[in-house]
Amino acid sequence: MELEQQQQQQQDLQVSGLRSARTNPAYLVSNATSHLWVFSAIAELVDNAYDPDCAAAHLDIRHEVMRGIDVLSFTDDGRGMELNRLHNMLSFGYCDKVPVKGHKPIGHYGNGFKSGSMRIGKDAIVFTKTRLANNAVVKSVGLLSQTFLARIGADTIVLPICSWVNDQLAETYPDGAQSLSLITHHCDLFGGFESEVLAQFDRIGKHGTRILIYNLKRTSPDDPSSALELDLVSDRSDIVNSETLQSDAALPAVQRMQLLQTSVSPLIRRSLKAYLSILFMKPRLIIRINNHKVRTQLMQRCLAKRAIDYYSPKLSPSDETRLKLRSNSNYRVRVVIGVLPANHSDYGAMLYHNNRLILPYEKLVKEPELASGVALIAEVDHLEPNHIKQEFIRDANFRNCFLNLTQKLKEYLELHRCSDSAAASSAAAAPPPPSYWRWVQCDSCQKWRRLLDVSDEEFRSIEKRAWYCSMNPDAYYNRCDIAEEVEDEESMVQDY
Ligand SMILES: Nc1ncnc2c1ncn2[C@@H]1O[C@H](COP(=O)(O)OP(=O)(O)OP(=O)(O)O)[C@@H](O)[C@H]1O
Ligand SMILES: [Mg+2]
Ligand SMILES: [Zn+2]
C-alpha cells in the first residue's frame with residue numbers, strides 16, 4: 001500500500017504543471033458531422049436516458065418555443081447527476097457505464113451527447129437534479145454553446161456550469177456565481193432573467209435531467225431564414241425529418257453517396273415516431289413526443305410463420321474477455337425469422353446490440369422479389385458498433401455473422417417458397433391467412449401482454465388509447481403483479 005502511495009505521489013509530481021489538451025470550439029462541429037442523419041443524433045440522447053446509470057422510466061421529447069426560439073427538449077425522470085458528472089457529460093471521452101442487473105449500457109465512448117446535441121443544434125443547456133445518500137437535493141446546470149463560445153471569442157471550449165445543494169449555490173465551486181451570470185446572459189432562452197433559468201428545474205420531477213437544444217439546424221445552414229431541418233409542427237405526435245433530395249444535394253459527394261447507400265427504410269428515416277418505436281428490441285423506456293406516447297413495437301413477437309434458430313459464433317479468448325461473455329460460455333445469437341405484418345412496408349435484417357437497433361432493414365438477400373415482407377431479428381452483442389451506433393465494425397466476427405445469418409435467411413425463404421407453392425398448387429388445401437399475435441404494453445407496469453383474436457382495426461384503436469393489464473380479456477395475464485408471459489419457443493418453432 002505504501003509503495004502504491006509512493007508511486008502515485010511520484011506520478012503526480014511528474015505530471016503536475018503540465019498542460020492539458022485544449023479543444024477548439026470548431027471541434028464541436030466536426031465531431032457532430034459523423035451523424036449522417038439527424039435521428040441518429042437524437043438516438044444518442046435517448047440512449048443516455050435508457051442507460052442503467054440514468055435508468056429513466058420516461059423520456060419526454062418536446063418542441064417548445066422559448067422567447068420566440070425553437071427548442072427541442074429532452075426531459076427524463078432518471079437519476080440525474082451531481083456537478084462532477086455533469087462536467088464529465090459536457091466533456092469528451094468520460095464514460096464509466098457498467099451493466100446493472102443484466103441491463104447492459106449502450107453508451108461506451110463518452111461522446112454521444114456532444115456529437116448528438118451539436119448535430120441537432122448549435123447550443124445545448126443541461127439541467128439536472130439528483131438526490132444524494134443524505135437526501136440532499138443537488139441541482140446543476142451547464143451550458144455547451146457554440147453561440148456563447150463565438151461571442152466571447154473563446155479559443156478553447158469553456159463551460160459555464162454551477163450547482164446548488166438544497167437551493168444554496170454551492171460554495172465549493174468558486175466559479176458558480178460567475179457561471180450562473182454567464183448562463184443567464186448568454187443563453188438566449190431566458191431573456192437575461194435568472195429566475196427563468198432556475199424555473200427550468202421545476203420542469204424536472206424529483207430527479208432527472210432536462211436538456212434544451214436550440215439554434216436548431218436549418219436546411220441551408222448559412223441562411224437563417226431557411227426552414228428548420230426538422231419539421232416540428234406538421235404532426236404534433238411526431239417529429240419529421242424534412243430532409244429532401246435538395247438538402248442532400250448540399251452535402252459533399254462522398255456523404256451523399258453514403259446516404260444513398262444506407263439501406264434505411266424511408267419511413268423510419270422520415271418519422272422519429274417510427275424510428276423510436278423499433279429502436280429497442282425489448283422496449284422499456286416510455287417515450288413521448290409532445291405528450292403523445294410513442295407506441296413501441298415488439299417486432300420479433302408480431303411476426304407470422306416464425307422460425308427460431310441459433311448461431312454460435314467462434315470467438316477468440318481475447319474477444320470473449322473483451323465482451324465479458326466468458327461468464328456465459330454458452331453465448332449464442334438467437335435469430336428469429338418471420339413474415340412482417342402487412343403495415344410494415346420494408347423487409348430485411350434488424351440487428352440489435354445491447355437491445356439497441358444498430359442496422360435497420362439490412363438487406364441480407366438483395367433480391368426484393370424473394371425476401372419482401374420477411375424480417376430477420378437478432379441481437380448480436382458479440383459485434384462492435386461504431387462510435388455513432390449506426391454500423392458494426394466490419395471485422396472477421398462481423399463477416400462470419402453476416403454469412404451465417406444470410407444463410408439462415410436463404411434457407412427460410414427457400415423452405416417457404418416450396419411450401420407456399422405446394423399449398424398454392426393444391427386448391428383444396430389453400431393456406432389459412434397467417435395469424436399474428438398482437439402484443440401491447442401496459443401503461444402502468446410496462447409489461448407486454450399478448451392479445452388474442454383482435455382484428456387490425458381493433459388493435460389500431462387499442463394502440464391509440466392508454467392500455468392497462470386490467471383491460472386484458474385473458475384472465476391469466478390481467479393484473480400488473482402477474483409476471484410477463486414467457487415466450488413459448490416450442491410454439492414458435494411449430495409455426496414454422
Ligand atoms: N440523461 C442523462 N442522465 C444521466 N446521466 C447522463 C445523461 N446523459 C448523459 N449522462 C452522463 O454523461 C456521460 C456522457 O454522455 P455521452 O452520451 O456523451 O457518452 P456515453 O453515453 O458515456 O458514451 P457514448 O459516446 O457511447 O454515448 C454519460 O456517461 C453519463 O454519465
Ligand atoms: Mg451516450
Ligand atoms: Zn400492468
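The figures here come from the full heavy-atom set of this structure, side chains too, leaving out hydrogens, waters and symmetry mates. For ligands, and for the atoms within them, numbers begin at 1 and follow the listed sequence.
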| Using a distance-only test with no angle check, is there a side-chain donor-acceptor pair under 3.5 angstrom linking Ser237 and Lys273? | yes

| remark: The protein heavy atom nearest to atom 29 (O) of ligand 1 is Lys97 CE, 3.4 Å

| Can you tell me the protein heavy atom closest to atom 3 (N) of ligand 1 and the distance? | Cys54 SG, 3.3 Å

| remark: for atom 19 (O) of ligand 1, nearest protein heavy atom and its distance come out as Gly110 CA, 3.1 Å

| Do Arg334 and Gln300 get their side chains close enough for a donor-acceptor pair, meaning under 3.5 Å? | yes

| field | Apex the Zn ion (ligand 3) - arms SG from Cys442 and SG from Cys469 - angle rounded to 10° | value | 110°

| message | Show me which atoms of ligand 1 lie under 4.0 Å from any heavy atom of Cys95. | response | 22 (O)

| Asp53 N/O under 3.5 Å from ligand 1 N/O | yes

| Can you find an N/O atom of Gly112 closer than 3.5 Å to an N/O atom of ligand 1? | yes

| request: Identify, by atom number and element, the atoms of ligand 1 in contact range of Thr209, meaning under 4.0 Å from any of its heavy atoms. | output: 1 (N), 3 (N)

| Donor-acceptor pair between Asp60 and Asn291 side chains, under 3.5 angstrom | no

| task | Taking atom types as modelled, find out whether Asp188 and Thr147 have a side-chain donor-acceptor pair closer than 3.5 angstrom. | result | no

| said: Taking 4.0 angstrom as the limit and counting only heavy atoms of Phe113, give me the atoms of ligand 1 inside it, by number and element. | reply: 16 (P), 17 (O), 18 (O)

| Do His353 and Asp381 have side-chain N/O donor and acceptor atoms under 3.5 Å apart? | no

| task | For ligand 1, find out whether one of its N or O atoms is nearer than 3.5 Å to an N or O atom of Asn48. | result | yes

| message | With a 4.0 Å cut-off on heavy atoms, is Lys389 in contact with ligand 1? | response | yes

| Distance from atom 18 (O) of ligand 1 to nearest protein heavy atom, with residue and atom | Lys114 NZ, 2.8 Å

| query | Has Asn48 got an N, O or S atom lying less than 2.8 Å from the Mg ion (ligand 2)? | reply | yes

| task | Between Arg85 and ligand 1, find which residue part has any heavy-atom pair under 4.0 Å and reply side chain, backbone, both or neither. | result | side chain

| Between the side chain of Ser271 and the main-chain N/O of Leu267, is any donor-acceptor distance below 3.5 Å? | no

| said: If only side-chain N and O atoms count, and only distance matters, is there a donor-acceptor pair under 3.5 Å linking Asn31 with Asn111? | reply: yes

| field | Aromatic plane relationship, Phe39 with Tyr275 - under 30° parallel, 30 to 60° tilted, over 60° perpendicular | value | parallel

| request: List the closest protein heavy-atom neighbour of atom 26 (O) of ligand 1: residue, atom name, distance to the nearest 0.1 Å. | output: His108 N, 2.6 Å

| request: Could you find the nearest protein heavy atom to atom 12 (O) of ligand 1 and give me its residue, atom name and distance? | output: Met89 CB, 3.2 Å

| request: Please confirm whether Asp96 comes within less than 3.5 Å of ligand 1 when only nitrogen or oxygen atoms on both sides are compared. | output: no

| said: Show me which atoms of ligand 1 lie under 4.0 Å from any heavy atom of Gly107. | reply: 21 (O), 23 (O), 24 (P), 26 (O), 27 (O)

| task | Going by heavy-atom distance to atom 2 (C) of ligand 1, choose the closest among Asp76, Leu59, Ile211. | result | Asp76

| request: Assess whether atom NZ of Lys122 is packed by more than 12 heavy atoms of other residues, nucleotides or ligands within 6.0 Å. | output: no

| note | Per-atom filter on ligand 1: closer than 4.0 angstrom to a heavy atom of Glu44 are 27 (O)

| Any side-chain donor paired with an acceptor under 3.5 Å for Lys97 and Asn48? | yes

| Have Arg210 and Thr75 got a donor and an acceptor in their side chains that come within less than 3.5 Å? | yes

| query | Using a distance-only test with no angle check, is there a side-chain donor-acceptor pair under 3.5 angstrom linking Asn355 and Tyr50? | reply | yes

